[in-house]
Amino acid sequence: MANNESKSDQNSETRFYNPYKDLEVPIRNLYQLPTSPEFLFDEEARRKRRSWGENLTLYTGCSYLAGSIAGAGVGLVDGVRSFESGDTMKLRVNRILNSSGHAGRTWGNRAGIIGLLYAGIESGIEAVRDTDDAWNSVAAGLGTGALYRAARGVRSAAVAGAVGGVLVGAAVTAKQVLKRYVPI
């Protein structure tokens, strides 16, 4: 075993135990993992944006989280407003928790559905047009608003679609302005 020691082990004062030392397998090659992303197909490697599944997960999850936090804040305010003069501290905390939980779930589910619709429509438009630009996002916002309010009638769907398109257009414009004028 002393003959198999490398020169670096002989020069150092401490000798570390290596269970793979006597094996003829280049063990270092087994555990050197690549740092770049790995793709199954070359088409995936050439793309410069997230896949439709990643977009779906990201938009749905982020919007659900943001909606839940905003709803919990609204529920907190509603819970504090519902205090009565004779309430004990335990009852007040219970009112706050109940109203925060109820409003947080409601707002989170609504925002999650909007994120789900947006991601699906945007990915569908991108697949049909075979291009990735700002118009895909604006059209997805328009379609999301219209589809989300479609059950309330044509007028409500048209207004919600216009609001969705304008909001996404403003967000895309703000992103472009930030990219251009804010050094990151």
Side-chain angles (χ1 to χ4, degrees), residues 36-37 39-83 92-184:
S36 63
F39 297 101
L40 188 58
F41 302 108
D42 290 334
E43 295 86 20
E44 293 176 345
R46 282 185 254 141
R47 295 182 104 189
K48 298 295 182 195
R49 74 183 308 262
R50 293 183 295 267
S51 70
W52 69 271
E54 291 169 338
N55 273 343
L56 190 73
T57 304
L58 176 75
Y59 292 149
T60 305
C62 288
S63 58
Y64 179 82
L65 180 65
S68 295
I69 291 171
V74 168
L76 174 71
V77 171
D78 288 343
V80 170
R81 284 185 183 161
S82 69
F83 285 169
R92 288 182 180 186
V93 169
N94 189 17
R95 283 182 197 262
I96 289 173
L97 291 176
N98 285 341
S99 61
S100 294
H102 177 70
R105 282 190 310 272
T106 304
W107 282 49
N109 287 333
R110 288 178 183 166
I113 289 171
I114 290 171
L116 180 79
L117 290 173
Y118 178 80
I121 292 172
E122 184 186 35
S123 296
I125 291 173
E126 181 188 345
V128 168
R129 290 186 65 217
D130 199 29
T131 183
D132 181 25
D133 58 2
W135 294 110
N136 288 351
S137 299
V138 173
L142 183 91
T144 299
L147 192 58
Y148 184 71
R149 290 291 183 182
R152 293 191 179 197
V154 177
R155 182 172 182 222
S156 179
V159 170
V163 169
V166 167
L167 285 176
V168 172
V172 167
T173 304
K175 180 181 175 185
Q176 295 299 325
V177 167
L178 284 175
K179 276 180 152 181
R180 179 176 284 175
Y181 296 114
V182 176
I184 294 178

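Summarising the geometry of Ala160 relative to Arg149, their closest heavy-atom pair is CB-CG, 3.4 Å, with the distance given to 0.1 Å. Nearest heavy atoms, Val138 versus Gly169: CG2-CA, 3.8 Å. The heavy-atom pair separating Trp52 from Ser123 by the smallest distance is CB-OG, 3.4 Å. Closest heavy-atom contact between Gly71 and Ala103: O-CB, 3.1 Å. The nearest pair of heavy atoms linking Gly112 to Ser63 is CA-OG, 3.6 Å. In terms of heavy-atom proximity, Ser99 sits nearest to Gly75 at OG-O, 2.7 Å.
To the nearest 0.5 Å, the span separating CG on Leu167 from OG on Ser137 amounts to 13.0 Å. Here the CD1 atom belonging to Ile125 is positioned 11.5 Å from the CG atom belonging to Asp132, to the nearest 0.5 angstrom. Here the CG atom belonging to Leu65 is positioned 12.5 Å from the OG1 atom belonging to Thr60, to the nearest 0.5 angstrom. In this structure, the separation between CD1 on Ile113 and CG on Leu147 is 11.0 Å, given to the nearest 0.5 Å. In this structure, CG in Leu178 is found 11.0 Å from OG1 in Thr173, a value given to the nearest 0.5 Å. Considering OG of Ser100 and CD1 of Ile69, their distance stands at 12.5 Å, rounded to 0.5 Å.
With sequence neighbours excluded, the residues satisfying ring-ring contact (aromatic ring centres under 6.0 Å, His included) with Tyr59 are Tyr118. Partners of Asp78 under the salt bridge (charged side-chain N to carboxylate O under 4.0 Å, His left out) rule, at least two apart in sequence or in another chain, do not exist in this structure.
Side chain of Thr144 to main chain of Ile114: no donor-acceptor pair is present (N/O by atom type, distance under 3.5 Å, no hydrogens or angles). Under a 3.5 Å cut-off, the side chain of Asn136 and the backbone N or O of Thr131 do form a donor-acceptor pair.
Looking at heavy atoms from C-beta onward, Phe83 lies in side-chain contact with Ile96 at the 4.5 angstrom threshold.
Residue Arg129 places its CZ atom among more than 12 non-hydrogen atoms of other residues, nucleotides or ligands, all under 6.0 Å distant.
Contacts classified as salt bridge (Lys or Arg N to Asp or Glu O under 4.0 Å) and involving residues 101-110 (residues at least two apart or in different chains) are not found.
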